[in-house]
Amino acid sequence: MERVLGIGGYFLRATDPEALSVWYRDCLGLDTDEHGLWRQEAGPTVFAAFEAGTDYFGSRTQQTMLNFRVRDLDAMLAQLRAKGADVAEETQDMEGVGRFGWVTDPGGNRIELWQPA
């Protein structure tokens, strides 16, 4: 059986795509080229389905949630707050998995940040 090799892209609708791309670059350090290509570091990726009624993604209209691996969750959340980003106050610790925090981008998309254990 042929298998996928990894995530090849994640695409967002936006009323101002350029401004949203700048937010991802300036707030999360997502440096992409003119075509949106980003060379990420190797590491684990989780693929999981959630119940349709979950509140975990934030708004019920949001059908998917992007999760970024980070080295230092506390430093990333402090950086985002300093830039005026909409950062959730709570964090979550999952033994053996890692720590989680959340930020909502200017387009209203909730993003999960994960510091693996």
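Bear in mind that the values here come from a model prediction, so they are computed numbers and not experimental data.
- Put simply, the side chain of Phe47 does not reach to within 4.5 Å of the side chain of Thr45, judged on heavy atoms.
- You'll find the side chain of Trp114 stays beyond 4.5 Å of the side chain of Phe68, heavy atoms only.
- Taking both residues in full, the closest heavy atoms of Trp23 and Asp105 are given as CZ3-CB, 3.5 Å, listed atom of the first, atom of the second, then distance.
- Closest of all the heavy-atom pairs between Met76 and Leu113 is CG-CD1, 3.8 Å.
- By the 4.0 Å N-to-carboxylate-O rule, Asp55 lies close enough to Arg60 to be salt-bridged with it.
- For the residue pair Glu51 / Tyr56, no side-chain donor-acceptor distance below 3.5 Å is found, with atom types taken as modelled.
- Although no hydrogens or angles enter the test, the distance criterion places a donor-acceptor pair under 3.5 Å between the side chain of Gln62 and the main chain of Arg110.
- In terms of hydrophobic clustering, with Ile, Leu, Val, Met, Phe, Trp and Tyr side chains grouped at heavy-atom distances under 4.5 Å, Leu77 and Val97 are assigned to different clusters.
- Between the Arg99 side chain and the Thr91 main chain, no donor and acceptor come within less than 3.5 Å of each other.
- The nearest pair of heavy atoms linking Asp31 to Arg25 is OD1-CG, 3.5 Å.
- Side chain of Gln115 to backbone of Val70: no donor-acceptor contact under 3.5 angstrom is found.
- Pairing each heavy atom of Ala75 with each of Asp72, the nearest pair is N-OD1, 3.0 Å.
- By the salt bridge (charged side-chain N to carboxylate O under 4.0 Å, His left out) test, Arg71 is found to be paired with Glu41, residues two or more places apart in sequence or in another chain being considered.
- Pairing each heavy atom of Leu20 with each of Ala14, the nearest pair is CD2-CB, 3.7 Å.
- Distance check, rounded to the nearest 0.5 Å: CE of Met65 to CD1 of Ile111 gives 10.0 Å.
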Practice problem: Determine, step by step, whether Tyr24 and Thr32 satisfy the side-chain hydrogen bond (donor to acceptor under 3.5 Å, both in side chains) criterion, reporting the C-alpha distance in whole Å, the side-chain angles of both residues, the deciding distance to 0.1 Å, and the verdict. | Solution: CA-CA 10 Å; Tyr24 276 85; Thr32 61; over 6 Å; no
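- Atom-to-atom distance recorded for Asp74:CG and Gln79:CD is 12.5 Å, nearest 0.5 angstrom.
- One N or O on the side chain of Ser21 and one on the backbone of Pro17 form a donor-acceptor pair closer than 3.5 Å.
- Counting all heavy atoms, side chain and backbone alike, Ile7 lies closest to Gln40 at O-NE2, 4.5 Å.
- Crowding of Glu18 atom CD: a count of heavy atoms from other residues, nucleotides or ligands under 6.0 Å not exceeding 12.
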